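Structure, as structure tokens:
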Amino acid sequence: MKLLKFGGTSLANAEKFLCVANIIKQKKDVEQIAVVLSAPANVTNYLVTIIEKKIQNNKILETINLVENIFVELINNILKIQSDFNYQKIETIIKKEFDELKSIIHGVVLLKQCPDSIRAIIISRGEILSVFIMKSILECKNHSVTLIDPIENFLSIGNYLDSTVDIPESKKRINKIKIDKNDIILMPGFIAGNEEKELVVLGRNGSDYSAAVLASCLNAHSCEIWTDVDGVFTADPRIVSNARLLKSISYQEAMELSYFGAKVLHPRTIEPISQFKIPCFIKNTNNVESDGTLICEKNNSEKNFLKGVTHLDNIVMFNVSGTSIKYVGNIIPRIFTTLSRNNIKIILFTQSSSENKIIFCIMNNEMDKVLSSLNKEFQLELKDKLLNSFQITNNLSILSVIGSNIYQKHNVASKIFSSLGEGNINILAVAQGSSEHSISLVIEKKYILKAVQKVHDAFFYNKKIIYAFLIGIGGIGSELLAQILKQKQYLDEKNIIIKFLAIANSKKILILENTTKLCNWKNDFKQSNETFNLKFLNKFIKKNHFSNSVIIDCTSDQYLSEQYVNFLENNFHVVTSNKKANTSKFSYYKNIRHTAYKNNKKFLYETNVGAGLPVIETLQKLFQTGDNLIRFKGILSGSLSFIFGKLEEGVLLSQATREAKELGFTEPNPYDDLSGIDVARKLLILAREVGYEIELKDIKIEPILPIDFKKCNSVNEFFLQLKKLDTFFLNRINKAHNIGNVLRFVGTIENKGECYVKIEEININDPLYKVKNGENALAFYTNYYQPIPLVLRGYGAGNKVTASGVFSDLLRTLS
Ligand code: ADP
Ligand code: ASP
Ligand code: MG
């Protein structure tokens with residue numbers, strides 16, 4: 001004998017009812033089958049709202065009619081597919097059920113209260129009707145059916161709404177029923193009967209439990225719970241898209257998962273099936289072929305000791321405290337006794353070691369009952385101020401991580417804390433080993449989905465995701481995208497996903513939906529009509545921050561650089577090739593770092609000096625380990641490196657500058673290179689990096705161009721002016737050359753932080769002597785590196801090397 005249970009999600013419409021009938025038929029061809037059915041999807045929820053609306057009765061009839069229509073529509077549609085379906089008979093049953101329901105509700109409205117016994121009758125109507133409909137479908141497919149009445153046969157203990165079944169007694173009763181071995185056994189789930197043979201229900205989601213009990217009573221060799229997902233996942237697949245299907249779990253693990261919120265299975269289901277060692281499969285009605293999850297005594301196939309991340313919503317936390325709490329005898333047993341007397345389940349309990357503070361969590365709907373019963377129990381202590389009045393916090397959720405002997409494993413708690421910390425999610429309480437197989441934490445409900453995703457990712461998803469927002473798609477930005485696309489295979493191998501949220505320039509933005517392909521970004525960007533401005537940007541970052549979100553600034557925009565603090569405050573890392581922020585006022589420079597630290601975010605700007613050369617990181621590492629800068633000398637401009645190299649070969653200044661421009665080494669107007677300001681900015685960044693609190697104006701620039709040299713808008717005019725300097729420079733070069741020296745445009749930081757930028761004569765022993773052709777070189781004379789300095793040398797400009805530096809910063813956000 002095999003037991004099959006179909007949940008509401010498997011009975012949501014006519015097609016699904018017929019699909020379930022087919023599954024039953026196929027299984028029945030192999031062996032005898034017993035079937036437990038839930039109400040069609042949402043029906044119980046509607047019935048519950050009818051009772052909850054009982055006092056404001058204006059909407060009640062509307063809701064009853066709505067539920068009645070669900071059934072009428074259901075049988076109409078069944079008839080369309082199954083033409084011999086006994087429509088009239090079922091329609092009469094439905095009408096009778098709803099007439100009765102209306103008169104019961106009428107009584108409830110008059111009484112202005114709904115006793116639990118009546119509540120149980122109302123909310124279980126869906127199951128009763130599901131069974132009548134299925135019986136009729138099976139009969140017109142020529143199957144004979146034996147109905148089991150759970151009110152008569154499932155003896156229940158406990159209250160009307162959350163009863164427990166006495167299995168030995170129920171087994172006796174069921175064994176007395178004469179069942180033909182060819183019959184399909186059919187029973188409504190969720191329902192049982194008490195000693196007085198009154199209808200009771202088994203708690204919300206209780207049909208799973210009915211199935212497990214019936215399987216035990218019938219000595220079934222297995223039990224299949226059919227639902228709308230492939231089995232038990234490492235998290236609710238509706239909220240965590242990368243949740244993983246568990247092939248098999250033990251009874252204990254299934255119990256923990258369901259107890260802490262994995263709705264796929266009612267927690268009580270496990271008691272009977274584990275007691276009678278009945279293997280249980282969770283299967284998907286929408287994907288019949290899938291193997292599902294096997295729940296059995298010992299799980300053999302899952303290597304990972306961790307099984308899942310679950311959550312429970314609608315939690316309320318009670319805080320019991322008081323300076324004299326120690327003198328209140330037996331406080332914990334008294335709390336437990338009071339609550340259990342009132343049938344209240346404590347979901348999580350924790351106490352401080354001194355017993356000064358006790359925290360426990362219950363479900364929201366039990367809050368009033370708990371408060372009044374505790375106030376009564378501790379009335380004297382409250383009056384004498386031995387206890388403070390109970391502090392209640394609402395709108396909470398409990399997140400749990402489930403795994404075998406989780407407390408014996410290292411790192412689990414710290415991993416949970418750090419992943420929640422990363423998401424700026426506060427933990428309000430942690431359960432003190434309430435179970436050996438789970439760790440539970442209380443957090444605010446508004447963060448729960450993000451928290452589940454983050455904790456799940458930390459344990460089960462070994463992919464590292466960067467959510468990137470690129471601003472600036474000129475040379476560097478476009479090259480960055482090209483390099484990321486080119487590296488796809490490498491990134492895949494390393495389990496890194498760079499997911500672009502959006503790409504923008506100063507005018508418009510392309511939002512990348514899940515379906516947009518990055519490789520088509522150029523075309524898609526052209527087609528985008530979305531205007532990009534600060535207002536849009538602010539709205540976007542408030543809505544779109546994920547666990548590892550990064551804003552990449554590949555512009556040279558001042559205004560954008562002034563938003564970095566805002567970005568960091570909104571949980572974005574900032575990666576930038578834009579030098580403006582690091583060269584603005586020192587107070588802002590400090591504020592960015594302070595904000596990044598405070599928000600646990602990264603601010604990375606390796607390409608600000610020397611493009612892709614590892615300058616900043618090297619310096620930081622050096623100074624972290626106690627080194628000090630004695631002196632710095634460097635060629636920090638690719639264009640000036642090229643121009644001075646050419647001068648050395650006898651090329652005139654204007655000609656060398658023209659060549660540099662043609663090769664793309666210079667800014668659009670080469671005046672900006674020759675003015676020395678760009679080198680001064682880089683020097684400022686280096687000086688600040690090694691600890692000097694200076695401003696741009698503190699850097700002395702000895703310009704290449706004389707003071708009367710005008711910045712003209714026309715590049716031609718600039719070259720005409722420049723020509724007039726050719727002879728002067730030729731002479732200067734020759735003079736240096738005659739004594740074996742060359743000229744270089746050098747940035748220097750002296751010991752006390754004095755910084756200057758100027759043309760220097762360099763001799764053959766200097767590391768900067770051979771640096772030309774657009775190369776940069778940076779010589780750091782430090783305590784550790786002297787008399788021979790640490791020299792970094794290589795191309796320090798160009799889209800390729802800069803983009804690769806930005807790319808590498810982007811990857812560093814993961815560390
Ligand atoms: P049924 O109507 O079949 O009883 P339920 O809605 O009660 O179905 O339970 C199935 C749902 O349980 C799934 O749709 C899924 O969203 C939810 N669920 C929550 N946690 C898990 C989990 N860990 N694994 C699988 N499903 C889960
Ligand atoms: N229909 C009931 C509920 O929704 C029982 C069940 O589906 O398991 O709670
Ligand atoms: Mg269910």
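All ligand and atom numbering here is 1-based and tracks the order in the structure. Keep in mind that this is a model prediction, so the values were computed, not measured.
Neither the backbone nor the side chain of His266 comes within 4.0 Å of ligand 2, counting heavy atoms alone. Contacts between Asn205 and ligand 1, counted as non-hydrogen atom pairs separated by less than 4.0 Å, involve the side chain only. At a 4.0 Å heavy-atom cut-off, ligand 2 touches Asn205 through backbone and side chain alike. If you look at Val229 next to ligand 1, the close heavy atoms, those under 4.0 Å, all belong to the side chain. With a 4.0 Å cut-off on non-hydrogen atoms, His311 does not touch ligand 1 at all. Counting heavy atoms under 4.0 Å from ligand 1, residue Pro237 touches it through the side chain alone. By the criterion of a heavy-atom distance under 4.0 Å, both the backbone and the side chain of Ser207 are placed next to ligand 2.
Each of the following atoms of ligand 2 lies closer than 4.0 Å to a heavy atom of Arg204: 3 (C), 4 (O), 9 (O). Proximity to Ser38 (heavy-atom distance under 4.0 Å) selects the following atoms of ligand 2: 6 (C), 7 (O), 8 (O). Every atom of ligand 1 is numbered from 1 in the order shown, and the set under 4.0 Å from a heavy atom of Val232 is 24 (N).
Side chains of Asn219 and Lys171: a donor-acceptor N/O pair is present below 3.5 angstrom, by distance only. For the residue pair Tyr87 / Asn76, a side-chain donor-acceptor distance below 3.5 Å is found, with atom types taken as modelled.
Ranked by closest heavy atom to atom 10 (C) of ligand 1, the top entry among Thr293, Asp236, Thr227, Asp230 is Thr227.
At a 4.0 Å cut-off, at least one heavy atom of Lys5 sits close enough to ligand 1 to count as contact. Under a 4.0 angstrom heavy-atom cut-off, Ala235 registers as being in contact with ligand 1. Put simply, part of Gly206 is less than 4.0 Å from ligand 2, judged by heavy atoms. Within the structure, the closest approach of Ser207 to ligand 1 does not fall below 4.0 Å when heavy atoms are considered.
Salt-bridge formation is not detected for the pair Glu224/Lys5: no Lys NZ or Arg NE/NH1/NH2 atom is positioned less than 4.0 Å from an Asp or Glu carboxylate oxygen. At a threshold of 4.0 Å, the pair Glu152-Arg173 does not count as salt-bridged, since none of the basic side-chain nitrogens sits closer than that to a carboxylate oxygen. Salt bridge absent: Lys28 and Asp183 never bring a charged side-chain N and a carboxylate O closer than 4.0 Å. A salt bridge is defined here as a Lys NZ or Arg NE, NH1 or NH2 lying under 4.0 Å from an Asp or Glu carboxylate O, and Arg125 with Glu97 meets this definition.
Atoms CD1 and CZ, from Ile270 and Arg268 in turn, are 12.5 Å apart once rounded to the nearest 0.5 Å.
Taking any N or O of Asp208, backbone or side chain, none lies under 3.5 Å from an N or O belonging to ligand 2. Where the criterion is an N or O separation shorter than 3.5 Å, residue side chain and backbone included, Gly8 meets it with respect to ligand 1. Residue contacts with ligand 2: Lys5 is placed with no nitrogen or oxygen under 3.5 Å of a nitrogen or oxygen of the ligand (distance criterion only).
Closest non-hydrogen pair, Leu202 versus Ser210, comes out as CD1-OG, 3.3 Å. When all heavy atoms of Val201 and Ser124 are compared, the pair lying nearest together is CG1-CB, 3.9 Å.
Counting only distance, with no hydrogens or angles, the side chain of Ser216 and the backbone of Ala212 share a donor-acceptor pair below 3.5 Å. A distance-only check finds no donor-acceptor pair linking the side chain of Ser163 to the backbone of Val200 [under 3.5 Å]. A donor-acceptor distance shorter than 3.5 angstrom exists from the side chain of Thr293 to the backbone of Leu246, with no hydrogens or angles considered. With hydrogens and angles disregarded, no donor-acceptor distance shorter than 3.5 Å links the side chain of Thr146 to the backbone of Ile179.
Residue, atom and distance of the protein heavy atom nearest to atom 14 (O) of ligand 1 are Arg238 NH2, 2.6 Å. Ranking protein heavy atoms by distance to atom 12 (O) of ligand 1, first place goes to Val264 N, 3.3 Å. Nearest protein neighbour of atom 1 (P) of ligand 1, counting heavy atoms only, is Thr9 OG1, 3.5 Å. Atom 24 (N) of ligand 1 has its closest protein heavy atom at Phe233 N, 2.9 Å. From the protein, the heavy atom lying nearest to atom 6 (O) of ligand 1 is Lys263 NZ, 2.9 Å. Taking atom 13 (C) of ligand 1 as the reference point, the nearest protein heavy-atom neighbour is Asp228 OD1, 3.4 Å. Scanning all protein heavy atoms for the shortest distance to atom 25 (C) of ligand 1 gives Gly231 O, 3.2 Å.
A heavy-atom distance below 4.5 Å is not found between the side chains of Ser10 and Phe17.
Classified by interplanar angle (parallel below 30°, tilted 30° to 60°, perpendicular above 60°), the ring pair His266/Tyr209 is parallel.
Residue Asn205: an N/O/S atom is found under 2.8 Å from the Mg ion (ligand 3).
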